[in-house]
Protein chains: 2
Amino acid sequence: MAGSRQIGEPARRLTREEARRQTRERLLDAAGDVFKRLGYNGASLEAIAETAGYTKGAIYSNFETKADLFKALVDRHRDEEIATQSNQFAGKSLEEVLAELDEVFERQVGRDPDRFALQIELVLASMRDPEVRRRLVAGSEELRDKTGASFDALLAKAGRTAPFTGRELSVLFTAMATGLALQRMLEPETVDPKLLVRAARCLAGIEDARS
Amino acid sequence: MAGSRQIGEPARRLTREEARRQTRERLLDAAGDVFKRLGYNGASLEAIAETAGYTKGAIYSNFETKADLFKALVDRHRDEEIATQSNQFAGKSLEEVLAELDEVFERQVGRDPDRFALQIELVLASMRDPEVRRRLVAGSEELRDKTGASFDALLAKAGRTAPFTGRELSVLFTAMATGLALQRMLEPETVDPKLLVRAARCLAGIEDARS
DNA sequence: GTCTATACACGGATAGAC
DNA sequence: GTCTATCCGTGTATAGAC
């Protein structure tokens, strides 16, 4: 890890590389905040630097251009997303996983709607810049495989035969969650939190979807 | 309609109001093109005016500000969307409606991905501006009611009992289509066009979703 | 490595001619 | 009602001090 120290090493101020890394991280945090509130074009480097507690100079000593900063943010965001999602099924049963879907959903959009907005912003940016797209989707194929395999295993263990493969379920659940989240941004009252879970149960081949 | 003439009326040049209306429409068309390609902040009035074959002056004689132009576009986009969607079930059976879902989907994102991008852009803009949100969702409650009732009627006529109300199905189908469309923008090969139809059949309570 | 100061271009908006 | 010309703020990016 970046900030770890050897045992017995005296407590001291950060090395240059550590300080640099910290500044970089702070700038990326601030960039995330501002980009997701204002969008790519709406966000000014001034605002980002100020949010991070620096001036624009700090940005240009850590990143080539605004686009470069944005792409670094894409990388970090994607890594976090993959880290969060890749272990969400550890040691759970199918029923548990499905029941927890709305909790995941809630955490994704309820607690941090701006983060979700950033995710969408990144997809739009991907349309305009192939490089952004490339970075954003890096590793998602593996994640999908892994998640799909988890679903397959869970279904087999539960003795269920869903009309979809684990991989298809993975794609469908993500799509539904994303679509419902968007709809909830527009008209919160139209999206019952339980709807996602019921639909997921239905797609997974479990009968009592009526809740 | 704006451009219609009385019978027997001599062919003549447009009246002032007609000309004005035409300019306004052309500007809105151009604004749609540029906004959906570049986003709100990325689109310049210069580019919009040029696309429409005018100069910026024409914009300011038809709209108060850039935001005003954008909101007028929101209104028109929403009206078109409602007009398209409100008659899509006329005289069709449940099976037909479901089978046609991917066609609708295809038309929405396959033939005009930019229009879909604009739709998403509008949702993001709604987060930042309540007025945009208000305009964007105007009439959608009625549309949802109408669509939901159509589904209920179709289900009843087909003798099906889906685990969801027509209204819930309406929300779910829209959410799935939107989510899958976003995913397809990122990684086209991961979204089988038939997946939406199969999922919809499953949610509607029709057995053979394996297709 | 970060800050201050600044160059330079661009975008939104306005004024006034036609 | 639209066009030309222009004002002015803002934004990216760079130069140079510390």
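Labels below follow one simple rule: chain letters A, B, ... track the order of the sequence lines, proteins then strands, and each chain is numbered from 1. Note that the coordinates shown come from a computational prediction; the quantities given were computed from them, not determined experimentally.
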Using a cut-off of strictly less than 4.0 Å, decide whether A/Ser61 has a side-chain nitrogen or oxygen near OP1 or OP2 of C/dT2. yes

What is the nucleic acid contact for B/Thr55, judged by heavy atoms within less than 4.0 Å: base, sugar-phosphate only, or nothing? base

Expressed in angstrom and rounded to an integer, what is the separation of B/Asn62 atom CG from C/dA13 atom P? 15 Å

Does NZ or CZ of B/Lys66 come closer than 6.0 Å to the centre of the six-membered ring of B/Tyr40, within 45° of the ring's axis? yes

May I ask you to decide whether A/Arg167 forms a salt bridge with A/Glu141, counting only side-chain N to carboxylate O separations under 4.0 Å? yes

Between CG of A/Leu45 and P of C/dA5 the distance, given in whole Å, is 19 Å

Is any NZ, NE, NH1 or NH2 atom of the basic residue among A/Arg184 and A/Glu106 found under 4.0 Å from an Asp or Glu carboxylate oxygen of the other? yes

Ring pair (Phe, Tyr, Trp, His ring centres under 6.0 Å) partners of B/Phe173, counting only residues at least two apart: B/Phe151

CD1 of B/Ile59 versus P of D/dG1: gap in Å, rounded? 16 Å

OP1 or OP2 of D/dG11 versus the side-chain N and O atoms of B/Asn41: is any pair under 4.0 Å? no

Please compare B/Ser44 and A/Tyr54 by the position of their nearest nucleotide in DNA chain C and report the one closer to 5'. A/Tyr54

Using 4.0 Å as the upper bound for N to carboxylate O, is an ion pair formed by A/Arg76 and A/Glu80? yes

B/Leu27 CG to D/dC3 C1': how many Å, rounded? 13 Å

Euclidean distance, atom CD of residue B/Glu64 to atom P of C/dA13 [Å, nearest integer]: 10 Å

Could you tell me how far apart B/Ile48 (CD1) and C/dG12 (P) are, to the nearest whole angstrom? 8 Å

Whole-Å gap separating P (D/dA15) and OH (A/Tyr60): 12 Å

Would you indicate which nucleotide in D/dG11, C/dC3, C/dG12 comes nearest to any side-chain atom of B/Lys56? C/dG12

Counting any heavy atom closer than 4.0 Å, what does A/Ala43 reach on the DNA or RNA strands: base, sugar-phosphate only, or nothing? sugar-phosphate

May I have the distance from A/Glu50 (atom CD) to C/dC3 (atom P), rounded to whole angstrom? 12 Å

If only side-chain N and O atoms of B/Thr23 are considered, is one of them under 4.0 Å from the OP1 or OP2 phosphate oxygen of D/dT2? yes

Between C/dA13, C/dT2, D/dA13, which nucleotide gets closest to the side-chain atoms of B/Lys66? C/dA13

